[in-house]
Number of protein chains: 2
Amino acid sequence: MPEQPVRARLVDVAERAGVSKATVSKVLNGRQDLSVRPETRRRVHEAAEALGYRPHSGARALAGASTHVLALLVPALGNPTYVTIARGVYQRARQLGYLSLLAEDFDGQEADESFNDLVQEGRVDGLLVASARPGHPLLDTLSRSPVPHVFLNRAVAGSGRNVTMDVARSSVTALDHLHGLGHRAVGHIAGPPGITPSEVRKEAFLRHADALGLDAAPVASGDFTEDGGGFAARELLRPTDGGERPPVTAVYTSSLAQAIGAMAAIRELGLRIPEDVSVIGNDDLPVAAHLHPPLTTVAMPLYELGTAAVDALVATIESAPVGDVVVPTEPRLVLRGSTARPPGPGVTP
Amino acid sequence: MPEQPVRARLVDVAERAGVSKATVSKVLNGRQDLSVRPETRRRVHEAAEALGYRPHSGARALAGASTHVLALLVPALGNPTYVTIARGVYQRARQLGYLSLLAEDFDGQEADESFNDLVQEGRVDGLLVASARPGHPLLDTLSRSPVPHVFLNRAVAGSGRNVTMDVARSSVTALDHLHGLGHRAVGHIAGPPGITPSEVRKEAFLRHADALGLDAAPVASGDFTEDGGGFAARELLRPTDGGERPPVTAVYTSSLAQAIGAMAAIRELGLRIPEDVSVIGNDDLPVAAHLHPPLTTVAMPLYELGTAAVDALVATIESAPVGDVVVPTEPRLVLRGSTARPPGPGVTP
DNA sequence: AAGTTCGAGTCAACCGGTTTCCTCGGACGG
DNA sequence: CCGTCCGAGGAAACCGGTTGACTCGAACTT
């Protein structure tokens, strides 16, 4: 059997190849500050292969080289959006020879401590921060720290380290769709204030609603959860000044969970989807297709956001920082059953 | 400001406390093979505190001590069930001073490689395997390897390292509920064959259906996904031998996603939930409450499964293995709108 | 009073890599 | 023919902890 009973070490490889530790190290790390005969190089690789050599990560980290570990901080793992991002991060990291550590930022405090530890203990080479929020303690820590890091999804203005998606475009896509169906009064359920993608999405919504000349474009804010969406939906649909029809015929939400909550709330108000109210949400995740009715969404390139963030971070680590990055893939409309033409004022063509 | 500009090392602490490196190391690691005066102990702790000392993980691992890192392998991160487990693992690990690494086992191959690397590179102290499956390459690797590990959720018979929930009980709870409502023909949507929780749930279902004397208890298998649930539901509801009523009045699914898919399929068949068919699923996750109708579920102690698995693994690492463990929390019925009395044969009391 | 034991630490060898500075022999230039 | 340069690789220090063996003085025994 080709298995080694015990870990092979660098010396073992060196011995088998008939060279010194130093040479093996340099060859295996592909350093070009040393000239080696192709023949020697081959022998080293062969020996390493034959012994199934894996460098001990601790020793490596200790000797000043990198750990090849990245850490990703997300605000909520319960949110499938972040899970998708995390998968992108994980897979791309592995492709590049890195490992990724996943941490959840329950209360904002946790993050700061946990990341400090990670960095101080020399466990990670870099940080991917998806949970930036104004005033977050970590931001301050990071800004005065030399550890490589990027912000993804939630941008930090002026950091020059943001990796984001074309969030503004998603609002345009959603509105164009609803406008094309004939909607003239569309409400938006935004995320909590102060969070970049939420703010950007809201502003783009308002700007484009204006450009399209909509009659009404009210906005309500709520958490990115089902309940947040439910409350906001009730707010948007409460009939104003004695009228008996809801003030909007369609709702565009900032997250998928909000859309689910909004749908439940809309039905509880005795309205039908999509006959009375159309609903369109952001982020196309598997569950969207199986809701009742199936939810029309704007698919955001979440997975790619993850991979792009890793690319940016690794570039930073290798001292070739790339500045702010916007993932090139555009948001894509996924048409399903939750959007339709608005109820005509008695008109049934 | 109390921040140190540069990492404090063990020697720095030793110097400040006026003792040797060895003493500091032993004191901070709480080893009792050394007697130290309380006074000295205090000085050491003070010095460490003052300097904000964090041991370098690489150095520590290299010196033969543990890395204090655990790795968790899950079959699919897209499945919120595993995310919940992962949270339990992550938090309990941190409480015990460990870090947890999350890996996704996309194809079964990945896992084996990735875990081998992790272990070979001395990155982790132990493994939490939630994706065991008969014939999984990792099982073989693990059985001949000295690395501490436990299997959670999916048990490996005879390993003496299983951490599981009372899955059989969940079938009993679900069936009792349906039986109490008057259902006499209940279908079960099981997971893929060969996977322990799925098998156990199925067998418990059949056994208890027998004990209750149900008229019919057909079983269909499908992936743990929405689509898997959808296909299986169609199979269960296909009218047999020319009858026009579906052969069952209720469906009990092995996963939440399956329940969502089943609900969609049931509606596509022109049946109402819960008037025509009741649906009850396993695992109570937030989305269940916001479905249409809100889904009745059996809540499994997933988070605790994660914490219990960490406890068991850490015990194993500290050479006090605990054998098979069953999480004590019992499955709990969460009553919502997807279950009701079966349609009477024309009887409306 | 001398030997022994015990408490309280210290010494120094490791762990497995990385990296800096050398060495050594042959080719080449003058 | 001798000095120099260069290609190819080696020696050893070092990274920051951990650990078992060892020391040293005081107390305890007999």
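Just so we're clear, the structure is a prediction, and the values are computed from it rather than from any experiment. Here is how names work: the chains are called A, B, and so on, in the same order as the sequence lines, proteins then strands, and each is numbered from 1.
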A.B. asks: For B:Gly88, is there any backbone N or O sitting under 3.5 Å from a side-chain donor or acceptor partner on B:Thr307?
C.D. replies: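 No, B:Thr307 side chain to B:Gly88 backbone: no donor-acceptor pair under 3.5 Å.
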A.B. asks: Between D:dA11 atom P and A:Glu15 atom CD, what is the distance in whole Å?
C.D. replies: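 From A:Glu15 CD to D:dA11 P: 13 Å.
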A.B. asks: What residues, two or more places apart in sequence or in another chain, satisfy ring-ring contact (aromatic ring centres under 6.0 Å, His included) together with B:Phe224?
C.D. replies: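 Here no residue qualifies.
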A.B. asks: For a 4.5 angstrom cut-off between non-hydrogen side-chain atoms, does B:Val36 reach B:Lys26?
C.D. replies: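 With C-beta onward as the side chain, the pair stays apart.
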A.B. asks: Answer yes or no: is there an ion pair linking A:Glu39 with A:Arg37, defined by an N-O contact shorter than 4.0 Å?
C.D. replies: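 Here A:Glu39 does not pair with A:Arg37 in a salt bridge, since their nearest N and O are not under 4.0 Å apart.
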A.B. asks: What residues form a salt bridge (Lys or Arg N to Asp or Glu O under 4.0 Å) with A:Glu304, not counting sequence neighbours?
C.D. replies: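 In terms of salt bridge (Lys or Arg N to Asp or Glu O under 4.0 Å), with neighbours along the sequence ignored, A:Glu304 is linked to no residue.
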A.B. asks: Kindly write out the residues that satisfy salt bridge (Lys or Arg N to Asp or Glu O under 4.0 Å) with A:Asp140, not counting sequence neighbours, or none if the list is empty.
C.D. replies: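 Salt bridge (Lys or Arg N to Asp or Glu O under 4.0 Å) check on A:Asp140 returns A:Arg144.
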A.B. asks: For B:Glu39 and C:dA8, give me the distance from atom CD to atom C1', rounded to whole Å.
C.D. replies: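 It is 13 Å, rounded to the nearest whole Å.
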A.B. asks: Residues two or more places apart in sequence or in another chain: which of them pass salt bridge (Lys or Arg N to Asp or Glu O under 4.0 Å) with B:Arg16?
C.D. replies: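 Counting only residues at least two positions away or on another chain, B:Arg16 forms no salt bridge (Lys or Arg N to Asp or Glu O under 4.0 Å).
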A.B. asks: Polar atoms only, N or O, under 3.5 Å: list the protein pairs with nucleotides 6-9 of chain D and their distances.
C.D. replies:
residue: D:dG9; atom: OP1; partner: A:Arg37; partner atom: NE; Å: 3.3
residue: D:dG9; atom: OP1; partner: A:Arg37; partner atom: NH2; Å: 2.8
residue: D:dG9; atom: OP1; partner: A:Thr40; partner atom: OG1; Å: 2.5
residue: D:dG9; atom: OP2; partner: A:Arg37; partner atom: N; Å: 2.9
residue: D:dG9; atom: OP2; partner: A:Thr40; partner atom: OG1; Å: 3.4

A.B. asks: Rounded to the nearest Å, what distance is computed from the CZ atom of residue B:Arg31 to the C1' atom of nucleotide C:dT10?
C.D. replies: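 B:Arg31 atom CZ is separated from C:dT10 atom C1' by 15 Å.
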A.B. asks: Please list, pair by pair, any protein nitrogen or oxygen found under 3.5 Å from a nitrogen or oxygen in nucleotides 14-16 of chain D.
C.D. replies:
residue: D:dC15; atom: O2; partner: A:Leu62; partner atom: O; Å: 3.4
residue: D:dC15; atom: O2; partner: A:Ala63; partner atom: N; Å: 3.4
residue: D:dG16; atom: N2; partner: B:Ala59; partner atom: O; Å: 3.4

A.B. asks: Quick one: does B:Val325's side chain get under 4.5 Å of B:Val150's, heavy atoms only?
C.D. replies: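 Of all side-chain heavy-atom pairs linking B:Val150 with B:Val325, none is under 4.5 Å.
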